[in-house]
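The block underneath contains the structure these notes are about, expressed in structure tokens.
For the single chain, residues carry numbers from 1 onward in sequence order.
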Amino acid sequence: MRLSTTLLATLLSAPLLADTVYTIPQGYTRITLEEAPSAGTSSLTALSVVLLQDLAFAGSVTIGEFSANPTGEDTQAASVSGVAWTANQWTSEPYLAYLSVTDDAGNADGISPAQEAFLISANTTTGGLTLVSRNVDLLTNFPASSTIKIRKANTLSSLLASITASIHANDRIYIWNQADSKWDTFRFITGPNIWINTVTNTVSNDMVVFPEEGMFIERTQTTPVDLQLTLFGEIPSAPQISSIEGSGFMSSRIPLDSALGDLGIENANWS
């Protein structure tokens, strides 16, 4: 095929237009759960939640009234304008609302605004949200007009789904209970395939594991040999804010070799 000189000149002088394509980085991490060294001993593996569930909603949110509950969880009202949700859209399964602090002018540092995750305990069909506020008025840390991202929460059952078939009845999961300042202990029951709190004897499949929380997996069995836990999800781009009220336990999001002075906790309001 030959192009005329006029057509060729027209093609060469035309601007080249292209759309910028942004891809969401997805990844996985594989963790080895070592067998017990010998009978009567145990091995302990620590892990934290690094990868995120897919984004379900993003938009602007207005943070409203704080409600203190002396006998239960404190909550915070929030609202998103111009949306239509089903009655239990964010509560039929556990979902987290990620709120962002105010960014620097024009995002000069190139780092996404730091964010903190809060459990959604209720929603209306017209954009209303009730967030579990962790005993602090969110307006002390976040602007009234903020941004929100909603993602499905990581739970005990979703995180450990890839190894449940091999979890032994004597293996234990330990997660810090900040409200009661103690470790909660869980075991897996095959057949119904459920996680049970060993103290309360309640089903705990939907127990939320927050991004800054860590857990310990204790194995007392020498067989089967080392198990592999594989976690999939979105690689986070924003720094994670962690709040501790009273006695608490916090996990570094990515627990690489880190010195205490590199964790940034000296900027917290220690008393």
Side-chain angles (χ1 to χ4, degrees), residues 49 52-107 109 111-155 158 176-181 206-213 234 236-248 250 253 264 267-271:
V49 180
L52 307 174
Q53 297 277 5
D54 291 340
L55 182 65
F57 175 84
S60 299
V61 65
T62 300
I63 301 175
E65 184 179 357
F66 170 74
S67 297
N69 184 352
T71 60
E73 296 174 321
D74 295 340
T75 59
Q76 192 100 22
S79 60
V80 178
S81 300
V83 296
W85 292 333
T86 59
N88 300 310
Q89 183 158 344
W90 307 121
T91 57
S92 57
E93 296 179 80
Y95 277 85
L96 297 179
Y98 290 77
L99 299 180
S100 297
V101 296
T102 305
D103 198 8
D104 59 286
N107 193 25
D109 59 6
I111 301 175
S112 299
Q115 60 186 13
E116 186 169 5
F118 300 91
L119 180 66
I120 300 174
S121 61
N123 73 265
T124 68
T125 57
T126 55
L129 293 169
T130 301
L131 309 180
V132 178
S133 65
R134 301 187 185 183
N135 307 319
V136 176
D137 187 340
L138 299 183
L139 291 175
T140 62
N141 297 320
F142 298 93
S145 297
S146 188
T147 59
I148 188 173
K149 293 183 177 180
I150 298 178
R151 301 175 184 271
K152 187 177 291 186
N154 286 306
T155 63
S158 67
W176 181 258
N177 183 327
Q178 185 166 307
D180 296 332
S181 298
D206 289 336
M207 177 179 175
V208 173
V209 182
F210 286 87
E212 70 274 15
E213 285 185 334
E234 180 181 328
S237 60
Q240 178 68 45
I241 299 172
S242 300
S243 297
I244 295 179
E245 296 299 320
S247 298
M250 184 183 71
R253 172 183 260 180
N267 296 320
N269 297 320
W270 295 109
S271 60

dist Lys152:NZ -> Ile150:CD1 (nearest 0.5 Å) comes out at 13.0 Å
Closest approach of Gln53 and Asn154, non-hydrogen atoms and distance? NE2-OD1, 3.2 Å
Taking the side chain as everything from C-beta on, heavy atoms only, tell me whether Pro211 gets closer than 4.5 Å to Leu96. yes
Is there a donor-acceptor contact under 3.5 Å from the side chain of Ser146 to the main chain of Ser100? yes
Any idea which heavy atoms bring Val83 and Gly127 closest together, and the distance? CG2-CA, 3.5 Å
Please report the closest heavy-atom contact between Ile241 and Glu116, naming both atoms and the distance. CG2-OE1, 3.5 Å
Is it true that a side-chain atom of Glu73 and a backbone atom of Val132 form a donor plus acceptor pair closer than 3.5 Å? no
Determine yes or no for a side-chain-to-main-chain donor-acceptor pair under 3.5 angstrom, with Asn135 supplying the side chain and Ala68 the backbone. no
Hey, is the main chain of Ala114 close enough, under 3.5 Å, to the side chain of Gln240 for a donor-acceptor pair? no
Starting at OG1 of Thr75, measure out to CG of Leu131 and round the result to the nearest 0.5 Å. 8.5 Å
Do the side-chain N and O atoms of Asn69 and Thr71 include a donor-acceptor pair separated by under 3.5 angstrom? yes
Shortest non-hydrogen contact from Leu139 to Ala144? CD2-CA, 3.7 Å
Rounded distance [0.5 Å steps], CD1 in Ile148 versus OG in Ser60: 10.0 Å
Could you report the tightest heavy-atom contact between Ala56 and Tyr95, atom names first, then the distance? CB-CE2, 4.2 Å
Rounded to the nearest 0.5 Å, the CG atom of Asn88 sits from the CD atom of Glu93 at a distance of 11.5 Å
Ile120 CD1 to Arg151 CZ distance, which is reported to the nearest 0.5 Å: 12.5 Å
Calculate, to the nearest 0.5 Å, the distance between atoms CD1 and CG belonging to Ile63 and Leu99 respectively. 5.0 Å
Closest non-hydrogen contact found for Gln115 with Ala238 is CD-CB, 3.9 Å
In sequence, state the C-alpha distance, the side-chain angles, and the governing distance for Thr91 and Asn123, and then conclude on side-chain contact (heavy atoms from CB on, under 4.5 Å). CA-CA 7 Å; Thr91 57; Asn123 73 265; 4.2 Å; yes
Name the orientation class of the two ring planes belonging to Phe57 and Trp85 (parallel below 30°, tilted from 30 to 60°, perpendicular beyond 60°). perpendicular
Using modelled atom types and a 3.5 Å cut-off, is there a donor and acceptor pairing between side-chain atoms of Asp137 and backbone atoms of Phe66? no
